[in-house]
Amino acid sequence: MGKIVSIHSFRGGTGKSNTTANLAAQAALAGKRVGVVDTDIQSPGIHVLFGLDENSMGRTLNDFLHGQCEIKEVAHPVGERAATEKDAEGRKKLAGTNLWLIPSSIRGREISRVLREGYDVNRLNEGLQNLISDMKLDYLFIDTHPGLNEETLLSIAISDILLIILRPDNQDFQGTAVTVDIARSLDVTNLLLMVNKAVPNKYDYNDLKQQIENAYKAPLTGILPLSFDMADNASKDLFSLRFPDHDWSKELRRVAAAVLEVK
Amino acid sequence: MPGLFDRLQNQIEDKRREGGITALDLADLPPALRKIMRLMLRQLQMNYPQLCEAMDGMPENERLSRADLDRSLDTLTQQAWLTRLGEGAKAVYKVNLKAKSGSTLASGIWSALDDKLKK
């Protein structure tokens, strides 16, 4: 059975979607069959990193949740699409890989409909599990809404691996403690941590690693630097593919290796 | 006019819609019940022999005895956190997650928003 990898952060702005998209891309380049689901129904965004917009998106997770299609029909073949990329050098490298994106709708009316009417959580879970079996996925990456809501808690409860992203910031440190507690009480077996947006040359890598691992009793898989280059990329492309020699990309690959090493 | 089977099926669906467990509730369950629920969340549905087989495949210190498994299944079914279809060895269990309820904002607010979004 394929593994579910949930990417979570207690607070917004930690780089969750960017990390999720880049990790999924690295896994696909390593020859794995990979799905990425955007369960951030209230504020979806990961589709941008894969070059989709409102017009090119077609069917979405929202259509599936409203019973209008099967989950397989929502899976956009990123690997196929990559071959036709013109402006995104990074994404172009995904040509021929087995990578699918299940986006959430970016249409205002669809977002408001889910918020107004709610949805059947059983259907969401069944969709995720069926996606793994139907598409024969090795990994299903779930990009979650920050903080704790129904989708996020479900994704934590069903995950084989939970990667929590935090910045070196006291608000993030406290929030992460909450998520770690909940993950432990839901018996998540593989809990991994990642620091993002660390001011370069400010922290001693080993000190920060030890401090965080002692605080949360979970392995820190990488410390990714705060980067103007990353900000300049503005989610237009998959950074680790476009700039593979950048420090951010090297550290991201370290995190990807840790995820793929989990048995 | 709906037949007996349809009516029973509707009753089961109604029960599923009314009850159900939230992901947060899972955290408060006793370990044995949580173990079954986590397994069921991934497998979606299992019959009794499959559940026994899954238990037998677990490390010895995590395994539930048959008696504990039976008791746990009864509790989960009574709470409507698992739905049981059929009886005995042929019974199939399905997890029942509570539906995410819609917003409690006044409906006028949503209509106004819809009107704006139409433009």
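Remember, predicted model here, so these are calculated numbers, not experimental data. In what follows, every chain begins at residue 1, and chains take the letters A, B, ... in the order their sequences are listed.
Defined by atom type and a distance below 3.5 Å, a donor-acceptor pair is missing between the side-chain atoms of A/Asn170 and A/Gln174. The closest side-chain donor-acceptor pair between B/Asp25 and B/Thr22 falls under 3.5 angstrom. Donor-acceptor pairing under 3.5 Å is lacking for the side chains of A/Tyr119 and A/Asn62. Between A/Thr14 and A/Asn196, the side chains place no donor N or O within less than 3.5 Å of an acceptor N or O (distance only, hydrogens not considered). With hydrogens and angles left out, the side-chain atoms of A/Asn149 and A/Glu151 include a donor and acceptor closer than 3.5 Å.
For A/Ile156, the part lying near chain B is the backbone, with the side chain staying farther off; criterion is any non-hydrogen pair under 4.5 Å. Only the backbone of B/Ser101 has a heavy atom closer than 4.5 Å to any heavy atom of chain A. Residue B/Leu41 touches chain A through both its backbone and its side chain, counting heavy-atom pairs closer than 4.5 Å. With a 4.5 angstrom heavy-atom cutoff, B/Arg38 touches chain A only via side-chain atoms.
For the set A/Asp187, A/Leu124, A/Leu153, A/Leu115, the count of heavy-atom pairs under 4.5 angstrom toward chain B peaks at A/Asp187. In terms of heavy-atom pairs under 4.5 angstrom with chain B, the leader among A/Val114, A/Ile132, A/Val121 is A/Val121. Ranked by heavy-atom pairs shorter than 4.5 Å toward chain B, the options A/Leu154, A/Ile182, A/Ile158 are led by A/Ile158.
Taking 4.0 Å as the cut-off between side-chain N and carboxylate O, A/Asp120 and B/Lys100 do not count as a salt-bridged pair.
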